[in-house]
Amino acid sequence: MTSIREEVVMYIKKKYKASPENLWRSYPDYAVFRHDDNRKWFAIIMDVDADKLGVPKNDRVDIIDIKIDDLMLRDILLQQEGYLPGYHMNKQKWITIMLDGSVDLQ
């Protein structure tokens with residue numbers, strides 16, 4: 001069975017023609033996705049301790065941080081379950097999406 005994380009990676013590869021880049025030896029499961037033209041990041045998938053996100057769990061959770069330029073959409077999404085301000089990123093330009101099933105991928 002394919003994990004949500006794997007489904008998201010497959011979607012990004014197909015839709016945006018971007019392959020995951022694993023940049024850090026100490027974090028081999030962290031994958032960065034870049035725009036082809038300017039090489040800037042538009043997403044990063046990682047697993048983090050849930051308590052670092054303020055989520056009441058004791059384990060690690062998969063997340064994706066995505067860059068979002070539309071502040072109104074950002075504010076709307078942050079009111080929904082499974083969406084958080086960007087973890088470890090600029091909280092005005094990035095949001096975190098939980099890959100634990102709380103957000104419908106469709």
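No hydrogens, no waters, no symmetry mates; every other heavy atom, side chains included, goes into these values.
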Run the side-chain donor-acceptor check on residues 74-85: report pairs under 3.5 Å with partners two or more places apart or on a different chain.
from: R74; atom 1: NE; to: K91; atom 2: O; distance (Å): 3.0
from: R74; atom 1: NH2; to: K91; atom 2: O; distance (Å): 2.8
from: Q79; atom 1: NE2; to: D75; atom 2: O; distance (Å): 3.4

Side chain to side chain contact (heavy atoms under 4.5 Å, CB included) partner of V61, the single match among D49, V55, L53: L53
Rounded distance (nearest 0.5 Å) linking atom CD1 of I45 with atom CG of L99: 6.0 Å
Partner residues of D51 under the side-chain hydrogen bond (donor to acceptor under 3.5 Å, both in side chains) criterion, sequence neighbours left out: none
Stepwise side-chain contact (heavy atoms from CB on, under 4.5 Å) test for Y11 and Y16: CA-CA 8 Å; Y11 175 81; Y16 299 102; 4.1 Å; yes
Side-chain heavy atoms of K14 within contact of I12, under 4.5 Å: no
For E21, salt bridge (charged side-chain N to carboxylate O under 4.0 Å, His left out) partners two or more places apart: R34, R39
Euclidean distance, D100 CG relative to D62 CG, rounded to 0.5 Å: 9.0 Å
Straight-line distance of M46 CE to Y27 OH, nearest 0.5 Å: 10.5 Å
Pairwise distance NZ(K93) to CG(D65) - rounded to 0.5 angstrom: 15.0 Å
Verify same cluster id: V103, F33 (apolar side-chain graph, 4.5 Å): yes
Any I63 side-chain heavy atom under 4.5 Å of D47 side chain: no
Distance, nearest 0.5 Å, that separates CD of E6 from CE of M10: 7.0 Å
Joint cluster assignment, I64 & I95, ILVMFWY side-chain distance < 4.5 Å: yes
Shortest non-hydrogen separation from P20 to K13 and the atoms involved: CD-CE, 3.5 Å
With H35 via ring-ring contact (aromatic ring centres under 6.0 Å, His included) - residues at least two apart: F42
Same apolar cluster (I L V M F W Y, side chains within < 4.5 Å links), M89/W24: yes
Minimal non-hydrogen separation, Y30 against N22, with atom names: O-ND2, 3.0 Å
Residues forming a side-chain hydrogen bond (donor to acceptor under 3.5 Å, both in side chains) with S19, sequence neighbours excluded: none
Residues forming a side-chain contact (heavy atoms from CB on, under 4.5 Å) with D36, sequence neighbours excluded: none
Least distance between heavy atoms, R25 atom then P28 atom: O-CD, 3.5 Å
Intermediate values then yes/no, side-chain contact (heavy atoms from CB on, under 4.5 Å), I66 and W41: CA-CA 9 Å; I66 60 168; W41 298 8; over 6 Å; no
